[in-house]
Novice: 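Quick one: the structure is below, questions incoming.
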Amino acid sequence: MGSRFNPYTDNGGSVVAIAGQDFSVIACDTRHTAGYSINTRYAPRSFHIGDNVVVSVVGYMADGNTLVKRLQQRLEWYHHQHNKPMSVHAVARLIQTMLYGKRFFPYYVTTLVAGIDEKGVGAVYSFDPVGSYEREWCRSAGAAAALIMPFLDNQVNLRNQFDENGNKIKPELLDLDRALVLCRDAFTSATERHIEVGDGLEFTIVTKDGVRWENHALKLD
């Protein structure tokens, strides 16, 4: 049998994004893999592109880095033309058009965007590789998404949960400390079950005051 050229590869890793009342946070592990090999134990997956907006990409990191660079360029053009910052909603719409424009040879990544909307409320947008997107309160993507997303549905979205009287429990926006704890718990569990997740956990926290980073250790094996 002849070999077949494949322009894509999956570099592992996972990402979680949660929006709150006045913040949004993206948590990414830092392991970069190719098959059973670890290329590096520190590969950032979330990027502050400016205007208090953070973009995270997971999948084929060469495509992800290219997408982020093109997005930063488009944002710079927007500043020169309009002389004002771009809102997180506008950034999400811009990414949608960029991804859809590449739909016949798409960027092999799942993209998450976090920021603060015009009302000061945290905003998270999730995208598939060809530009379909929606705003959500939480989302997981990447290698361990199938492990982490059910946990978020239980703890954040409160899917199919009822009180003692049989009334559906309505989800409430989390505070920042609770969101960080949930992210740490999710990744701690994922590293036990998935070989492409681990090494370090990097938080990118967006508030009205700007963007800051926090780091925590994960399993190295």
Side-chain angles (χ1 to χ4, degrees), residues 6-19 23-49 53-72 95 99 106-114 124-129 136 138-156 176-206 211-221:
N6 183 0
Y8 298 121
T9 187
D10 188 350
N11 296 126
S14 295
V15 55
V16 169
I18 298 177
F23 74 91
S24 57
V25 59
I26 288 183
C28 311
D29 78 300
T30 61
R31 179 172 292 180
H32 186 292
T33 65
Y36 292 105
S37 300
I38 297 177
N39 298 325
T40 177
R41 295 188 184 275
Y42 180 72
R45 291 188 169 87
S46 59
F47 305 89
H48 181 206
I49 63 169
V53 176
V54 173
V55 175
S56 180
V57 287
V58 62
Y60 181 33
M61 287 309 297
D63 275 359
N65 291 333
T66 300
L67 174 62
V68 170
K69 289 179 181 178
R70 287 195 59 202
L71 183 58
Q72 290 172 326
I95 293 174
L99 293 176
Y107 294 113
Y108 191 59
V109 292
T110 302
T111 308
L112 299 181
V113 173
V124 165
Y125 294 87
S126 62
F127 300 78
D128 73 2
E136 302 181 276
C138 65
R139 171 58 60 181
S140 177
L147 301 174
I148 297 175
M149 198 61 217
F151 174 73
L152 296 179
D153 281 337
N154 178 268
Q155 295 293 311
V156 181
L176 179 57
D177 291 338
R178 176 62 174 162
L180 296 180
V181 168
L182 288 178
C183 290
R184 280 195 294 268
D185 289 346
F187 275 95
T188 300
S189 297
T191 56
E192 295 288 342
R193 299 289 181 178
H194 207 296
I195 62 172
E196 295 179 352
V197 180
D199 296 323
L201 179 59
E202 187 172 68
F203 292 107
T204 309
I205 302 165
V206 185
V211 179
R212 73 177 194 269
W213 287 263
E214 294 183 10
N215 292 278
H216 296 270
L218 292 174
K219 285 181 64 176
L220 296 178
D221 57 359

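The figures that follow rest on heavy atoms only: side chains count, while hydrogens, waters and symmetry mates do not. The first residue in the sequence is number 1, and the count goes up from there.
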Novice: If every non-hydrogen atom of Q72 is compared with every non-hydrogen atom of H48, which pair is closest and at what distance?
Specialist: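 Shortest heavy-atom contact: NE2-O, 4.1 Å.
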Novice: Could you walk me through whether Y8 and Y108 pass ring pair (Phe, Tyr, Trp, His ring centres under 6.0 Å), step by step?
Specialist: CA-CA 7 Å; Y8 298 121; Y108 191 59; 4.9 Å; yes
Novice: In Å and rounded to the nearest 0.5 Å, what is the CZ to OG distance from R31 to S14?
Specialist: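 Atom-to-atom, R31:CZ and S14:OG are 11.0 Å apart.
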Novice: If you compare all heavy atoms of C138 against all heavy atoms of I18, which two are closest, and at what distance to 0.1 Å?
Specialist: CB-CG1, 4.1 Å
Novice: I want to check something: taking the side chain as every heavy atom from C-beta on, are F151 and S189 in contact at a cut-off of under 4.5 Å?
Specialist: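 In short, these two side chains do not touch, never coming nearer than 4.5 Å.
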Novice: Determine whether a donor-acceptor pair (N or O, by modelled atom type, separation under 3.5 Å) exists between the side chain of T40 and the backbone of Y42.
Specialist: yes
Novice: So do the side chains of Q155 and D185 get within less than 4.5 Å of each other, counting heavy atoms only?
Specialist: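 Contact flag for Q155/D185 side chains = no.
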Novice: Could you grab the distance from atom CZ of F203 to atom CG of L180, nearest 0.5 Å is fine?
Specialist: 5.0 Å
Novice: Can you name the nearest heavy-atom pair linking F23 to L176, along with the distance?
Specialist: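 Heavy atoms of F23 and L176 come nearest at CE2-N, 3.4 Å.
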Novice: Rounded at 0.5 Å granularity, tell me how far OH in Y36 sits from CD in E196.
Specialist: 9.0 Å
Novice: State, yes or no, whether a side-chain contact exists between L201 and R184 at a heavy-atom distance under 4.5 Å.
Specialist: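 A side-chain contact under 4.5 Å exists here.
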Novice: Where the side chain of R45 meets the backbone of M61, is there a donor-acceptor pair that is under 3.5 Å apart?
Specialist: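 Here the side-chain-to-backbone pair does not exist.
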Novice: Between W213 and I205, is there a side-chain heavy-atom distance shorter than 4.5 Å?
Specialist: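 The answer is no; the side chains never approach within 4.5 Å.
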Novice: Do T33 and I195 have side-chain heavy atoms sitting under 4.5 Å apart?
Specialist: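 No, every pair of side-chain atoms sits at 4.5 Å or beyond.
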Novice: Quick one: side chain to side chain contact (heavy atoms under 4.5 Å, CB included) partners of L147, sequence neighbours excluded?
Specialist: A144, R193, H194
Novice: Tell me, please, which residues at least two apart from F47 pass side chain to side chain contact (heavy atoms under 4.5 Å, CB included).
Specialist: V57, N65, V68
Novice: Give me the atom names and distance for the closest heavy-atom approach of S56 to C28.
Specialist: OG-SG, 3.4 Å
Novice: Measuring from L182:CG to I148:CD1, what's the distance to the nearest 0.5 Å?
Specialist: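 Separation between the atoms: 11.5 Å.
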Novice: Please say which of V54, V53, V25 ends up in a side-chain contact (heavy atoms from CB on, under 4.5 Å) with V206.
Specialist: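 Checked V54, V53, V25 against V206; only one passes side-chain contact (heavy atoms from CB on, under 4.5 Å): V54.
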Novice: Consider side-chain contact (heavy atoms from CB on, under 4.5 Å). Of L220, V197, D29, D199, which one does T191 pass it with?
Specialist: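 Exactly one option meets the side-chain contact (heavy atoms from CB on, under 4.5 Å) with T191, and it is V197.
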Novice: Atom OG1 of T204 and atom CG of N215: how far apart are they, to the nearest 0.5 Å?
Specialist: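 Rounded to the nearest 0.5 Å, the OG1-CG separation comes out at 8.5 Å.
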Novice: Please name the pair of heavy atoms, one in A43 and one in H32, separated by the smallest distance, quoted to 0.1 Å.
Specialist: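 In this case the closest contact between A43 and H32 is CB-CB, 3.6 Å.
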Novice: Please indicate whether K219 has more than 12 foreign heavy atoms, meaning atoms of other residues, nucleotides or ligands, lying under 6.0 Å from its NZ.
Specialist: yes
Novice: Apply side chain to side chain contact (heavy atoms under 4.5 Å, CB included) to the pair T30 and L218, showing each step before the final yes or no.
Specialist: CA-CA 9 Å; T30 61; L218 292 174; over 6 Å; no
Novice: What are the two closest non-hydrogen atoms of L112 and A17, and how far apart are they?
Specialist: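 Looking at all heavy atoms of both residues, the shortest contact is CD1-CB, 3.9 Å.
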